[in-house]
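These numbers were taken from a predicted model, which means no experiment stands behind them. We name chains A, B, ... by the order of the sequence lines, and we start the count at 1 in each one.
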There are 2 protein chains.
Amino acid sequence: MARKTGSHSEITGPRVRAAALTLFAQHGFAAVSMRQIAREVGVQAGALYLYTKDKQSLLFDLMRTHMDELLAAWADEPKGQSALDALQAFSRFHIRFHLERPEAVFIAYMELRNLTDENFAAIEALRRQYEGELEAILRAGQDAGELDLSDIRLSSMAIIAMLTGVNTWYREGGRLSREAVADRYWDMVRGAVGA
Amino acid sequence: MARKTGSHSEITGPRVRAAALTLFAQHGFAAVSMRQIAREVGVQAGALYLYTKDKQSLLFDLMRTHMDELLAAWADEPKGQSALDALQAFSRFHIRFHLERPEAVFIAYMELRNLTDENFAAIEALRRQYEGELEAILRAGQDAGELDLSDIRLSSMAIIAMLTGVNTWYREGGRLSREAVADRYWDMVRGAVGA
DNA sequence: CTTTGATATGAACGTTTGTTCATTTAACAC
DNA sequence: GTGTTAAATGAACAAACGTTCATATCAAAG
């Protein structure tokens, strides 16, 4: 009983990745079996290997796609004139982007240790690249005298941790809208960098 | 070949927990087998069950112990006079305490989803209690007019995320001492709360 | 109507998993 | 020196794991 109507590679492939994304985020990579993913897709376990080389590649694909989208989205983001404008743009962008895909964010932060050395290096490089974007803004702000920072690398790590932290507590339909949250976090970021 | 010299319950028990702590932090709860833990301790897998009911209890014990120690240590911490003093005390304490036990911190943040519902509720309650400590400080500062906050719960989550983030990048023997890091983070926290 | 090729099945593989238990060992009390 | 008992062994269990593969199915092309 194969090849039901509408069951093509272009349909099943994305469904496999979507199921893996949700299950990995919920239970963790190591705790999720290929059979669980298959059941979620409505297929036998063996069929998954038409869409992924192995379980490790499935995880890596999800993480690399997420990081690629993150960098591409930030590249497309308008950044304003001053360094302070750019910092505000970054803060709001980071919160918005991360709140839009909590599962991918969760995986990207929690499953690094389940990557092979090679795959880990690739993801780590992309993360560094993203951190570098913020550091460049802070450096520009420092040089222009708009910001008062004693350590750019440290400040960038602190800001990213603070912003990403929103994902741990924000719930849709809660007390605050996304915009309200972004407003308040921007206030805090601005205060933290002495501007 | 049992009961080698010095192999008593009081020795092996802690060694089991220490091995589990290190291995869980390194590879994740689900990816570590009881046999791996046993090998690290120098014992057969069956012997572990003299010291823990099952694998789940081993994880729960580590997390509850960590949270208990966190709350007890903060209770013992001198907090100064003003709310601003207390906020500074909290910031420095949080960084110091967390940098002293990176493995336990890692587990406490990453393995929540591997707890049973009941165990999760217990740990979550302790975490809420700790967050409540910071919220109380912020509220006091707000009431005394020392701080300028638009949302206490949000500010407390932002501060904790920022402070805990130190664990993700700080390396012993690096560019900055723990004290220097704590100094700079306190500056940022102070700025973030508008003081 | 036949052929083709992509899509899926389902059984099988060798390992590994968490946990239990009858048995053995050795340190200590008498 | 004997008996007691806590501490550890090592074999065993059924279940689940990731992955492979011969086979079946069915949509579309000629």
Side-chain angles (χ1 to χ4, degrees), chain A residues 1-21 23-24 26-63 107 111 113-116 118-119, chain B residues 1-24 26-63 107 111 113-119:
Chain A
M1 189 175 49
R3 194 71 163 288
K4 307 194 187 98
T5 304
S7 272
H8 312 88
S9 177
E10 286 138 29
I11 304 264
T12 310
R15 297 219 320 141
V16 168
R17 285 186 285 277
L21 186 79
L23 288 170
F24 288 168
Q26 204 158 115
H27 309 291
F29 174 76
V32 173
S33 71
M34 293 300 271
R35 284 174 179 80
Q36 270 177 79
I37 297 171
R39 192 179 325 131
E40 189 77 13
V41 176
V43 105
Q44 291 296 317
L48 298 181
Y49 291 84
L50 293 167
Y51 305 100
T52 183
K53 191 175 146 293
D54 51 24
K55 199 187 173 193
Q56 167 73 207
S57 302
L58 198 45
L59 175 62
F60 178 63
D61 276 359
L62 293 175
M63 295 181 70
I107 291 172
E111 305 296 354
R113 59 185 167 188
N114 286 117
L115 292 171
T116 61
E118 190 184 18
N119 287 344
Chain B
M1 191 174 48
R3 195 75 163 285
K4 304 192 189 102
T5 305
S7 273
H8 312 88
S9 176
E10 286 137 30
I11 304 267
T12 310
R15 297 220 319 141
V16 168
R17 285 185 285 276
L21 186 80
T22 297
L23 287 171
F24 288 168
Q26 206 159 111
H27 309 291
F29 174 75
V32 172
S33 71
M34 293 300 269
R35 284 172 179 82
Q36 268 177 80
I37 298 171
R39 193 181 322 130
E40 189 76 12
V41 176
V43 105
Q44 292 295 319
L48 298 182
Y49 292 84
L50 293 167
Y51 306 101
T52 184
K53 190 175 148 295
D54 51 23
K55 199 188 175 194
Q56 168 73 205
S57 302
L58 198 44
L59 175 61
F60 178 62
D61 276 359
L62 292 175
M63 295 181 70
I107 291 172
E111 304 296 354
R113 60 185 165 187
N114 287 118
L115 292 172
T116 61
D117 290 349
E118 190 185 19
N119 287 344

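The separation between L48(A) atom CG and dG10(C) atom C1' is 14 Å, rounded to whole Å. Taking atom CD of Q36(A) as the reference point, atom C1' of dC17(D) lies 11 Å away to the nearest angstrom. For K53(A) and dG18(D), the NZ to P distance is 15 Å, given to the nearest whole Å. The interatomic distance linking Q56(B) (CD) with dT17(C) (C1') rounds to 16 Å, in whole Å. Rounding to whole angstrom units, CD1 of residue I11(A) and P of dT7(C) are separated by 11 Å. The distance between atom CD of Q44(A) and atom P of dG18(D), rounded to the nearest whole Å, is 14 Å. One can place CZ of R39(B) at 14 Å from P of dT9(D), the figure rounded to the nearest angstrom. Atoms CG (L58(B)) and C1' (dG18(C)) sit 12 Å apart, rounded to a whole Å.
Here Q44(A) contributes atom CD and R39(A) contributes atom CZ; the two are 10.0 Å apart, rounded to the nearest 0.5 Å. Interatomic distance, D61(A) CG to Y51(A) OH, rounded to the nearest 0.5 Å: 15.0 Å. The NZ atom of K53(A) lies 14.5 Å from the CG atom of L48(A); values are rounded to the nearest 0.5 Å. Note: F24(B) CZ to M63(B) CE = 11.0 Å, rounded to the nearest 0.5 Å.
Proximity of Y51(B) to the phosphate of dA7(D): no side-chain N or O atom is located under 4.0 Å from OP1 or OP2. Regarding contacts with the backbone of dA7(D), every side-chain N or O of T12(B) stays at 4.0 angstrom or more from both OP1 and OP2.
Between A47(A) and A31(A), the residue whose closest nucleotide on DNA chain D is further toward the 5' end is A31(A). In this structure, G46(A) and V43(B) both approach DNA chain D, and ranking their closest nucleotides by distance from the 5' end singles out V43(B).
Taking every side-chain heavy atom of Y49(B) into account, dT19(C) is the closest of dT19(C), dT9(D), dG10(C). Closest to the side chain of M34(B), from the set dG18(D), dT19(C), dA8(C), is dT19(C). The L50(A) side chain lies nearest to dT7(C) when the options are dT7(C), dG18(C), dT19(D). Set against dG18(D), dT19(C), dA7(D), the side chain of A45(B) has dT19(C) as its closest nucleotide.
In this structure, the side chains of M34(A) and I37(A) come closer than 4.5 Å at one or more pairs of heavy atoms.
Within the nucleic acid shown, V32(B) comes within 4.0 Å of sugar-phosphate atoms alone, with no base atom in reach, counting heavy atoms only.
Legend: residues meeting salt bridge (charged side-chain N to carboxylate O under 4.0 Å, His left out) with R35(B), ordered by chain and number and at least two apart, are absent.
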Atom pairs under 3.5 Å: protein N/O with N/O of nucleotides 12-16 of chain C:
from, atom 1, to, atom 2, distance (Å)
dA12(C), N6, R35(A), NH2, 3.4

Checklist entry - Step by step, would you call R113(A) with E111(B) a salt bridge (charged side-chain N to carboxylate O under 4.0 Å, His left out)? => result CA-CA 13 Å; R113(A) 59 185 167 188; E111(B) 304 296 354; 2.9 Å; yes
